[in-house]
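Worksheet: one structure, shown below.
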Amino acid sequence: MTAFKKVAGLSGMKDALPPESGRWEQLEALVREWLAGYGYQNLRTPVLEYTRLFTRGIGEVTDIVEKEMYSFVDPLNEDRLTMRPEFTAGVVRSAIEHNFLYDRPRRVYSMGPVFRHERPQRGRYRQFHQIDVEALGFPGPDVDAELIVMLARLWRLLGLSDIRLELNSLGQAAERAAHRAALVAHLEKHVDVLDEEARRRMQTNPLRVLDTKNPAMQDMANSAPRLFDFLGEESLAHYRGLCARLDDAGIAHTLNPRLVRGLDYYNLTVFEWVTDRLGAQGTVCGGGRYDGLIELLGGKPAPAVGFAIGMERLLDLWQQGSDAQAPAECQVYMVHQGDDGQRQAARLAEALRDVGLRVLVHAGSTGFKSQFRRADASGAVVAVVIGGDELLRGAATVKWLRTDAAGEGQQETIAFGDLAAQLQQRI
Ligand code: ATP
Ligand code: MG
């Protein structure tokens, strides 16, 4: 006899099974409502894009492009393709391609899987999911503030506390260039404490060196020249405009002058929402302004700002703080006996679904006892029984499975014709 071997799923790519998948659906539904409240509309792009979209958009010298992308050559025509490691580049590509943002500015969102070849651990996966929100064509800082106010509302809706906002401004290209010279001089002076990656980054992307988590480099990073101190009046005014609006909304914020982001396209506003409740991977949401990206990807220059939320981290945080249950399999479980009983149960189930109830009809010819066990396990509020007696009487036996269900008696009889109306009213 041949023994077939199991095929495992990929490391760092998770399955979501019921009931946890129900929490995903609840979160997605809540998020769509929340976004609609601010006029955001859904923009859906393919998972696959040309690799050059990301090398150009995200930047050659970033973690993502250097070592995290799932790229391959299309065997059919030799195109170099990449599974999206983030949404922004694809959204901007799409908006340019369809002339979507020039008649008026646009607020759009995407939600779905992204792919990065990272070392899997809690809060860090190879396929993970983002809620990505982009405001295209707005110079800010009003919209920058709106995005952050919006996020504070989401945390409230989910009952999350202990999540704090860190802000920085990355200024404009000329300010970054002036700062870069001072920063490189500082790094050269402290070259003995730099790790291998920092030494490499020192020439290519020195700002990223400040993002280090290496404890041996913290003093060096803290004493480094701050980009914030190189900002001119216009950049500072933008930053102050944002802070004033956050104050208006009562949102606490801290300047973190070392906050940079792992993607090259940002300027002016950058922010992260961070929590201590998720262990090492505490960043739930990161975002900022990317006024140069649309032009860099071949579009007519237009400002833009956005953010991405990591859904696995958000879900983890939500589940910690709430005792809400994933939805039960059904509200009504139909128990039956005999061929005629099954057929009547199936007919009644359709009538119950007509009035909006969620109904499971037991499948297979098992005894009442095991059917009731299944009914209990399903999380149903009532079991509706159709056996020989019920068929004769033309009335179902209704057994309430939860004592908390609207003070119902344990068991009663309801005529087939009244069942839908009665249960609709009482469940
Ligand atoms: P990190 O510093 O944690 O690597 P990042 O700067 O690479 O984050 P972004 O590119 O800004 O992350 O992505 C936005 C959000 O997506 C992050 O704030 C985080 O919540 C989530 N995220 C990023 N990488 C992963 C991953 N590998 N697995 C799960 N969630 C992730
Ligand atoms: Mg990362």
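Both counts, for ligands and for their atoms, begin at 1 and track the order of listing.
- Between R106 and D103, at least one side-chain N (NZ, or NE/NH1/NH2) sits under 4.0 Å from a carboxylate O, which counts as a salt bridge.
- Rounding to the nearest 0.5 Å places CG of L30 at 6.0 Å from CH2 of W318.
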| task | Starting from the C-alpha separation in whole Å, work towards a yes-or-no answer on side-chain contact (heavy atoms from CB on, under 4.5 Å) for L296 and Y265. | result | CA-CA 9 Å; L296 185 68; Y265 47 62; 5.7 Å; no
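- The local environment of CZ in R164 is crowded, with over 12 non-hydrogen atoms from other residues, nucleotides or ligands closer than 6.0 Å.
- For residues 102-144, the pairs satisfying ring-ring contact (aromatic ring centres under 6.0 Å, His included) are W24-H129, Y70-H117, with sequence neighbours left out.
- In this structure, F368 and F372 have tilted ring planes: the angle between them lies in the 30° to 60° band.
- Listed as neighbours of ligand 1 are R116, E118, G123, R124, Y125, F128, Q130, R261, L263, T283, V284, C285, G286, A308, G310, R313, each bearing a heavy atom under 4.0 Å from the ligand.
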